[in-house]
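Everything on this sheet refers to the single structure shown next.
As the structure lists them, so they are numbered: ligands from 1, and atoms in each ligand from 1. Positions are given from 1, in the same order as the sequence printed here.
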Amino acid sequence: MPIKYVPYYPETIEGQAILNNVTRTQRVLRYRDNNKVHDHIRRGMPYYELEKIERVGNNSENMLIRGECISACAYLKDKGIKVDLVYIDPPFASGADYAKKIYLRRNPKLAEKIAKTEEELDIEEFRIFEEKMYGDIWNKEDYLNWMYENLMAIKSVMSEIGSIYVHLDWHIGHYVKVLMDEVFGEDNFRNEIVWCYTGPSRQTNDFPDKHDVIYRYSRSESYIFNFEKIKIPYVKLNTGKTRGIFKGEATLSEEGKIPEDWWSDITPVARLHATELLNYQTQKPEALLERIIKASSNESMIVADFFGGSGVTAKVANDLNRKFIHVDVGINSIQTTRDRLIAAGAEFDIYDIKDGVSLFRNPIQTMDKLKSLIKGLNAEPTLDSFWIGAINDSKIGLVPVYVPNLLDNGTKVLDIPMINSIINGAIPDLPDSVKKVIIYYVDIENEKDLNKFINDYNKTDMQIELRDLKEILDEAVINDEVDYELKKINNRFEIEFKSFISDRLIQNIDAYNQKKLLNSSISNLFNESIEGDGENGDVTKNKKPFKPIEISESGLELIELISLDCSNFSGVWKSDIELKIDKNGFIILNGKKTKELWNGKIISDKKPLRMKVRNIAGDESIIIF
Ligand SMILES: C[S@@+](CC[C@H](N)C(=O)[O-])C[C@H]1O[C@@H](n2cnc3c(N)ncnc32)[C@H](O)[C@@H]1O
């Protein structure tokens, strides 16, 4: 499909200081031909096809969108949808990879044998492994370029009375503040909120980092600020006096005051030990969003989070009778939020943006996987990091391979500026012996123009082969295998699960076991050498040896959710009955927690037409009856 670009507001505000060392400008400057400048930023947001995949209830104004922030904004802009409040908590450029703990469930065959009390579920029995969710390792320049595009995209879909809150920390916050001044205008800066918290910290020679920053900007001078709705109580002192009432402030209300721009009264989720805690790293507390949403929106307005994670914004917006739009690039986020919202009784539609990166749950896992999907590809340390590796061709020797970085929207489309930088930047640095390179792309702007450009400007006799990355991704999907029996008993339909085989999970669990075993044998070696070495020796002796995770023959412990659609054979999914198995093996039926352990069955009054089975890592398989 040819790519359509939806423009956003192109101009920076006159007189505004800008961060000048960001790739956005360099990239444009690299290609000037006959006074023609190819301006990447001005072209706008890539618009991809969007598929509605599920309907929950009847409120189509509430949306969950799997895809990148920038592509979701292109869709909203194209449809003329404006949002009134944006909260984003994007990756912080923290230098970390975020992982999700994956819990193997209780096998129902074994669960039958144990008593149905929570106490008997020994926490030690949990079998857990980890999978990567998203990466947050950036160089500053790439990050800021990416963030600039996201902010421009978001601004283009904000209503005139809209506000935006951008949640960051010391890693990159101050640079993003400068970008926000540029994009939204310094005059529209409203607050730098400091969210302070306490918690364990590593002992260092520095003050522990215990605050995040949240930049608040408005779209224009008229914006919503409901100070009456967010007042907090004054603190009564032992002396009987009330602390915090100063002249002027007291006139607002005797009952309470507007919180200052530093918030120390909101506890991070990890320390709440609350029912709120989901298995989603970086999850923010509902109380934080409650304050923001109450302050800067009114009932029925649209609240959007373009880096939605565990769905905190959507959940609180729904609780407060606002409409919500939740966007996230990871399938785990969409599933976690979907289940969270169903439990909260929300109604919404789920969409998938067809941007070609969803195969392995999220871009980071897809990137990891890609290396093994390109036949003959090997790491090639003699090449610089632009190339993912090289294929050794028996006739022409080393063929360097370039693959776009799926974590960086800017590299996914192969266009003239990109091919130009490959011809004039990357290729001249290759050894003379190289005769051919392979360039993969997710989307290509115009193949004919690109080939003409290559012919006109490639002054070497190097062959440049262009390949579509989606083709190798498409070939690599191996669905999970579900073996079941469907019976009609007393006018009800019963599906009994016999076995479940997931190649994707088996491979990931094997890789995890091997990594852990290797680590534990290395640490065993280390322990031996320091045995009797005072305190260290004592500590390490207590460590339990790693027990590899095994999967039973039936594999039913790999199932997380079963949903039956009794309304349609195809098209948008409608879950008429669904059963989720929590990490203790208890059933959550249609979003409601129960104390029942899963018995390996699902029963429906209506005739099921198709069934969706989600495995514990989030892959979904659909069976049509
Ligand atoms: C810090 S987390 C958000 C956590 C969230 N506030 C919560 O309370 O659960 C950042 C999220 O951004 C998502 N993400 C990363 N890059 C993205 C992009 N380009 N577009 C949309 N989402 C993205 C990640 O998958 C991750 O879920």
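Each of the atoms 6 (N), 7 (C), 8 (O) of ligand 1 lies under 4.0 Å from some heavy atom of Lys284. The Glu68 neighbourhood of ligand 1 comprises atoms 19 (N), 20 (N), with distances under 4.0 Å to a heavy atom of that residue. The distance from ligand 1 to the heavy atoms of Ser310 drops below 4.0 Å at these ligand atoms: 7 (C), 8 (O), 9 (O). Contact atoms of ligand 1 toward Gln283: 7 (C), 8 (O), 9 (O) (distance under 4.0 Å to a heavy atom of the residue). Listed by atom number, the atoms of ligand 1 under 4.0 Å from Gly67 heavy atoms are 21 (C). When each atom of ligand 1 is checked for a heavy atom of Phe306 under 4.0 Å away, the hits are 21 (C), 22 (N).
By the 4.0 Å heavy-atom criterion, Ala72 is excluded from the residues contacting ligand 1.
Under the 4.0 Å criterion applied to side-chain N and carboxylate O atoms, Lys177 and Glu192 are not assigned as salt-bridge partners. Using a 4.0 Å cut-off between charged nitrogen and carboxylate oxygen, Arg504 and Asp619 count as a salt-bridge pair. Salt-bridge check for Lys580 with Asp339: passed, with a basic side-chain N closer than 4.0 Å to an acidic carboxylate O.
The cationic atom of Lys284 (NZ for Lys, CZ for Arg) does not lie both less than 6.0 Å from the six-membered ring centre of Tyr87 and within 45° of the ring axis.
Taking only non-hydrogen atoms, the option from Phe307, Tyr87, Tyr280 nearest to atom 18 (C) of ligand 1 is Phe307.
Both the backbone and the side chain of Asp328 come within 4.0 Å of ligand 1, judged by heavy-atom distances.
Centroid-to-centroid, the aromatic rings of Tyr148 and Trp146 stay 6.0 Å apart or farther.
When each of Ile422, Leu469, Ile444 is tested with Ile439 by the rule side chain to side chain contact (heavy atoms under 4.5 Å, CB included), just one qualifies, namely Ile422.
For the residue pair His174 and Tyr215, the shortest heavy atom distance occurs at N-OH, 3.6 Å.
In terms of polar-atom proximity, Cys69 is counted as a contact of ligand 1, with an N or O under 3.5 Å from an N or O of the ligand.
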